[in-house]
Amino acid sequence: GAGVSQSPSNKVTEKGKDVELRCDPISGHTALYWYRQSLGQGLEFLIYFQGNSAPDKSGLPSDRFSAERTGGSVSTLTIQRTQQEDSAVYLCASSVSPNTGELFFGEGSRLTVL
Amino acid sequence: SQQGEEDPQALSIQEGENATMNCSYKTSINNLQWYRQNSGRGLVHLILIRSNEREKHSGRLRVTLDTSKKSSSLLITASRAADTASYFCATIAGGTSYGKLTFGQGTILTVHP
C-alpha cells in the first residue's frame, strides 16, 4: 500500500484477554517501530526492528508485551493478559533506513481494556 | 523519561499570527525532528534538522537548533486554522547506530479563525 497500515483501528477487550495488533509497513522500508500513546500524552517507544538484526526491545513495559516481524515486513504486537493500564493508542511507523530519520506513521490502533 | 520536552504545553492564537513552540532535550543528538499530529490521527513528519545545522526552513515553517543550550524552536508563520494540531519534537541520540526516535510530550496548538 501507499502508507503504513494498522489493524484493527479500534479494539475493545476485557481485562485478562490477549490482543494482537498488526502493522503493515511501507514496502521497502527496512526499519519498523512501535510506539504507545496514552490520552493526551507523548509517544512512548516500545520496540524497533531493523532488517535481520535483533530487535531493540528496550521499551517494552513488561513481559506481557511481545512483537515479531515476519519476513522483514508485517509486524504483530501481542499483549497478553491485558490490563486496564494497557489502554492506549498503539502507533506503528516505518522508515527507509534507520539513519534517514523520517518516520512514516500509521493511523494507530486504539486499544480499550475494560 | 522523555528526551524532549516542549513548551508551552498549549498555545492558542488567532489566524494570521505566528506560533512559536520550543523543545529542550537532555543528551547529545544526531538530529532533531518535528512532527504534527491531528486529533485522532497518526504523526506526520514536518522537518528534520541535523546537529551541525542551526536553522532550516520549509514553507511557513522555520526551525532553529542550539546544541549548546540543547534546545530547538519551531516557528509557524501566518498560521491558519488548519495548523491546529499537536506538535512534537523528536530526537535521535548522538552515537547510536540506529534511528530510535524519542518524542517529547507535545504542544497543543489551536488556531482560531
Side-chain angles (χ1 to χ4, degrees), chain A residues 1-7 9-10 21 23-26 29-61 88-110, chain B residues 1-7 9-10 21 23-26 29-53 56 58 63 65 72 85-110:
Chain A
V4 176
S5 177
Q6 291 189 245
S7 62
S9 55
N10 279 286
L21 307 176
C23 173
D24 200 341
I26 293 173
H29 281 195
T30 62
L32 186 148
Y33 310 75
W34 283 97
Y35 289 87
R36 178 169 72 174
Q37 185 176 32
S38 300
L39 186 62
Q41 300 297 308
L43 275 71
E44 175 188 6
F45 169 80
L46 296 177
I47 189 169
Y48 160 83
F49 296 89
Q50 167 53 28
N52 295 321
S53 302
D56 177 355
K57 304 179 181 180
S58 60
L60 294 179
V89 176
Y90 290 81
L91 291 161
C92 176
S94 68
S95 67
V96 172
S97 75
N99 294 319
T100 62
E102 179 180 355
L103 267 60
F104 294 83
F105 280 84
E107 295 296 315
S109 291
R110 180 176 298 277
Chain B
S1 62
Q2 295 291 338
Q3 162 77 316
E5 295 184 3
E6 290 93 338
D7 85 273
Q9 291 186 327
M21 289 160 271
C23 169
S24 60
Y25 55 91
K26 298 174 183 174
I29 60 171
N30 275 341
N31 66 59
L32 185 143
Q33 304 177 42
W34 286 90
Y35 285 79
R36 182 186 73 207
Q37 184 180 36
N38 289 86
S39 181
R41 306 297 297 274
L43 278 75
V44 175
H45 180 266
L46 294 176
I47 196 166
L48 179 153
I49 186 165
R50 302 192 186 283
S51 59
N52 61 353
E53 297 176 310
K56 202 161 185 179
S58 177
V63 169
L65 179 63
S72 172
S86 294
Y87 291 81
F88 296 89
C89 68
T91 56
I92 295 179
T96 55
S97 60
Y98 51 78
K100 173 182 168 181
L101 273 179
T102 305
F103 286 81
Q105 296 296 315
T107 293
I108 300 172
L109 172 65
T110 303

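A note on names: the letters A, B, ... follow the listed sequences, proteins ahead of strands, and every chain is numbered from 1.
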Take B:Y35 and A:L103, measure what side-chain contact (heavy atoms from CB on, under 4.5 Å) needs, and give me the verdict at the end.
CA-CA 9 Å; B:Y35 285 79; A:L103 267 60; 3.5 Å; yes
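Heavy atoms from other residues, nucleotides or ligands lying under 6.0 Å from CD of B:Q9 number 12 at most. Heavy atoms of other residues, nucleotides or ligands lying less than 6.0 angstrom from CG of A:N52 number 12 at most.
Here A:E44 contributes atom CD and B:T102 contributes atom OG1; the two are 11.0 Å apart, rounded to the nearest 0.5 Å. In this structure, CD1 in B:I47 is found 11.0 Å from CD in A:E102, a value given to the nearest 0.5 Å. In this structure, NE2 in B:H45 is found 10.0 Å from CZ in A:F105, a value given to the nearest 0.5 Å.
Within the 4.5 angstrom heavy-atom criterion, only side-chain atoms of A:Q37, from C-beta onward, approach chain B.
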